[in-house]
Protein chains: 2
Amino acid sequence: MSDNQKWSILQGDALKVLGTFAPNTFDAVITDPPYASGGRTQAEKNKSTARKYSSMGENAPPPFDGDAKDQRSWTRWAAEWLYEARKVCKSGAPVCMFIDWRQLPAATDALQWAGWIWRGTTVWDKGNSRPQKGRFRQQAEYIVWGSNGDMPISRPVPCLPGVFKYGNPQSRIHLTEKPLQLMRDIVKITEPSGHILDPFAGSGTTVLAAVQEGYTATGIEVTDTYAELARERIRAELEKAA
Amino acid sequence: MSDNQKWSILQGDALKVLGTFAPNTFDAVITDPPYASGGRTQAEKNKSTARKYSSMGENAPPPFDGDAKDQRSWTRWAAEWLYEARKVCKSGAPVCMFIDWRQLPAATDALQWAGWIWRGTTVWDKGNSRPQKGRFRQQAEYIVWGSNGDMPISRPVPCLPGVFKYGNPQSRIHLTEKPLQLMRDIVKITEPSGHILDPFAGSGTTVLAAVQEGYTATGIEVTDTYAELARERIRAELEKAA
DNA sequence: AGACCAAGTGAATCTGTGA
DNA sequence: TTCACAGATTCACTTGGTC
């Protein structure tokens, strides 16, 4: 681990890397998996993520892996990694998983298949999504959360809000990068100084937010470009603060 | 219909009354069905709705019917009335259905089983729910919405927001009464001067909001106490405005 | 003021299959 | 071989609040 063992980003496939941890290692799982909900047809989903999610053209961030699954296989796959993640978590550990409206039902299924107790759904209000004539704006993403078995009310964790309103970050490394402050709010579901796991680290926002809030964090990222970008970003941000 | 045929509240079981309308009667379905999600165990669900939803004691509103169903049968029942409602709607008609976080996946299933196209999920941020130590606040309800077949972009309906923030009304007739302004925002998904159907009218907020926004509205309510309370309320409010 | 937005629609084009 | 048609794919365009 870098920086006094406070954080690390491991490069590799989430399912494989999860198998290498010992049980009872983590105090929370907080992650933003690939949604695989870009299109209604298989063909649409097979499109490159760069073209699917953005219209930035030449300057678009590199595409990311793991986003080409149909809904059924996505659910099975999610249940799989959620199960592996739960196995390396302590009892009572919370889990938070970002998801969009289209995959929300599949996400709650997967969470429960994997043995987590589903305890709620929290809303990230993005505020500034694209409007559509004659329709409701698709302006929220969701955080499905739960716990590994019972979650005693006595945990030293305060009350947390149920709706978070933050605009999308201006300049992003990753196509789906979340606002840092949002992640700093979310990680607070973890017990103080706990060890947080993010199996889909992307640009490392969760890991960075966790460290900034006094937690230890381990991220996993398949795409080596992103793994390295995330490490650089976190290093730079933490040095800036020091 | 009362008030120049602008609105009516029919007393009866939603499924039965829905069967009495002719096809192509309605331009939208906007409703807040019983959620049946008050407890995790069957026993908890069998509790009286008055005790489940409120701690107002003696002054609590009367209990309402249709809220003691387990999740599987709730889904089948919802698919049933959603199907019947769709059959009496015009092609392209939108549907909006309030639901809480726990039943959201079941609601999206039921909507699609009934042949509606699921087009999105919208958020009602209640703002003021009860905080819970060590957990995220459960402060949102959801509006699952869709359409009866294609929904051309050319409908004369503007862009609509995707998150609505309104506090719960202070004094309520019905236990689950929605803020009037919220309903006035939601009904705007309907084509101007369209005919809106609410199979679970409750205290009549949807019908009132619809009429105030220039639509025609038909409500159905099982509990005759509520049917009459709703009629009185709507009459009084419309007279007040006139 | 201008860009942005884990879109979505619908027309037009392309591809492949079978009569 | 050619035509018709269905499905897949591309592409332009919409819209408005917010940063």
Side-chain angles (χ1 to χ4, degrees), chain A residues 31-71 74 78 97-104 106-107 123-144 164-183 186 200-203 205-206 221 223 226, chain B residues 91-92 94 117-123 125 145-165 185 188-189:
Chain A
T31 195
D32 181 27
Y35 296 172
S37 50
R40 253 179 310 191
T41 65
Q42 189 55 43
E44 267 182 86
K45 289 191 189 154
N46 292 340
K47 284 204 301 191
S48 148
T49 50
R51 302 216 304 123
K52 189 159 64 181
Y53 292 119
S54 104
S55 24
M56 303 182 209
E58 299 299 312
N59 300 323
F64 57 93
D65 292 333
D67 201 50
K69 298 178 170 64
D70 70 23
Q71 180 149 337
W74 185 90
M97 173 179 170
F98 278 81
I99 203 69
D100 70 353
W101 65 274
R102 207 181 280 275
Q103 292 291 68
L104 196 147
V123 175
W124 169 35
D125 180 357
K126 292 184 284 191
N128 59 350
S129 68
R130 195 181 273 97
Q132 295 168 70
K133 192 170 171 308
R135 284 130 220 263
F136 295 109
R137 190 184 282 240
Q138 211 47 75
Q139 137 181 27
E141 279 182 41
Y142 303 91
I143 300 143
V144 169
F164 301 89
K165 181 158 189 178
Y166 293 110
N168 254 318
Q170 325 280 30
S171 69
R172 297 183 292 179
I173 300 178
H174 196 274
L175 285 161
T176 68
E177 188 172 323
K178 300 289 175 283
L180 181 61
Q181 192 56 51
L182 170 66
M183 298 316 300
I186 299 290
F200 305 95
S203 53
T205 312
T206 306
E221 171 57 40
T223 319
Y226 280 124
Chain B
S91 166
I117 294 179
W118 178 33
R119 290 187 178 270
T121 301
T122 292
V123 174
D125 180 357
W145 70 278
S147 67
N148 184 14
D150 286 340
M151 192 187 195
I153 209 84
S154 56
R155 291 190 322 139
V157 170
C159 293
L160 300 165
V163 174
F164 301 90
K165 183 159 188 175
D185 288 351
K188 296 204 178 93
I189 189 75

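- Nucleic acid contact class of A/Pro33 (heavy atoms, under 4.0 Å, all strands): base.
- Partners of A/Phe164 under the ring pair (Phe, Tyr, Trp, His ring centres under 6.0 Å) rule, at least two apart in sequence or in another chain, do not exist in this structure.
- Contacts of A/Lys178 classified as salt bridge (charged side-chain N to carboxylate O under 4.0 Å, His left out), with partners at least two apart in sequence or in another chain: A/Asp32, A/Glu141.
- For B/Lys165, the side-chain contact (heavy atoms from CB on, under 4.5 Å) test picks out B/Asp125, with sequence neighbours left out.
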Dot-bracket notation for DNA chain C is requested: 5' to 3', Watson-Crick or G-U wobble pairs only, both distances under 3.5 Å, with ( ), [ ], | and . as defined.
.||||.|||||||||||||

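- Residue contacts for A/Asp32: at a heavy-atom cut-off of 4.0 Å it reaches a base atom on one of the strands shown.
- One interatomic measurement links the two molecules: CG of A/Leu104 to C1' of C/dA6, which rounds to 14 Å at whole-angstrom precision.
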With 3.5 Å as the limit, what N/O pairs link the protein to nucleotides 14-18 of chain D?
{"from": "D/dG16", "atom 1": "N2", "to": "A/Ser129", "atom 2": "O", "distance (Å)": "3.1"}
{"from": "D/dG17", "atom 1": "O4'", "to": "A/Arg137", "atom 2": "NH2", "distance (Å)": "3.4"}

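- Listed by chain and residue number, A/Trp124, A/Tyr166, A/Pro169, A/Leu182 satisfy the side-chain contact (heavy atoms from CB on, under 4.5 Å) test with A/Pro179 (two or more places apart in sequence, or in another chain).
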Indicate every side-chain donor-acceptor pair of residues 147-155 of chain B with a distance under 3.5 Å to a residue at least two apart or in another chain.
{"from": "B/Ser147", "atom 1": "OG", "to": "B/Arg119", "atom 2": "NE", "distance (Å)": "2.8"}
{"from": "B/Ser147", "atom 1": "OG", "to": "B/Gly149", "atom 2": "O", "distance (Å)": "2.6"}
{"from": "B/Asn148", "atom 1": "OD1", "to": "B/Arg86", "atom 2": "NH1", "distance (Å)": "3.2"}
{"from": "B/Asn148", "atom 1": "ND2", "to": "B/Lys90", "atom 2": "O", "distance (Å)": "3.1"}
{"from": "B/Arg155", "atom 1": "NH1", "to": "B/Ile189", "atom 2": "O", "distance (Å)": "3.1"}
{"from": "B/Arg155", "atom 1": "NH2", "to": "A/Gly134", "atom 2": "O", "distance (Å)": "3.0"}
{"from": "B/Arg155", "atom 1": "NH2", "to": "B/Ile189", "atom 2": "O", "distance (Å)": "3.0"}

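- Across all strands shown, A/Glu141 has heavy atoms under 4.0 Å from base atoms, whether or not it also approaches the sugar-phosphate.
- Close placement of the A/Trp101 and B/Trp118 rings is indicated, their centers lying within 6.0 Å of each other.
- When the side chain to side chain donor-acceptor pair (under 3.5 Å) test is applied to A/Glu177, the partners found at least two apart in sequence or on another chain are A/Ser203, A/Arg233.
- In this structure, the side chain to side chain donor-acceptor pair (under 3.5 Å) partners of A/Thr31, at least two apart in sequence or on a different chain, are A/Asp198.
- Here A/Trp101 lies in heavy-atom contact (under 4.0 Å) with sugar-phosphate atoms only.
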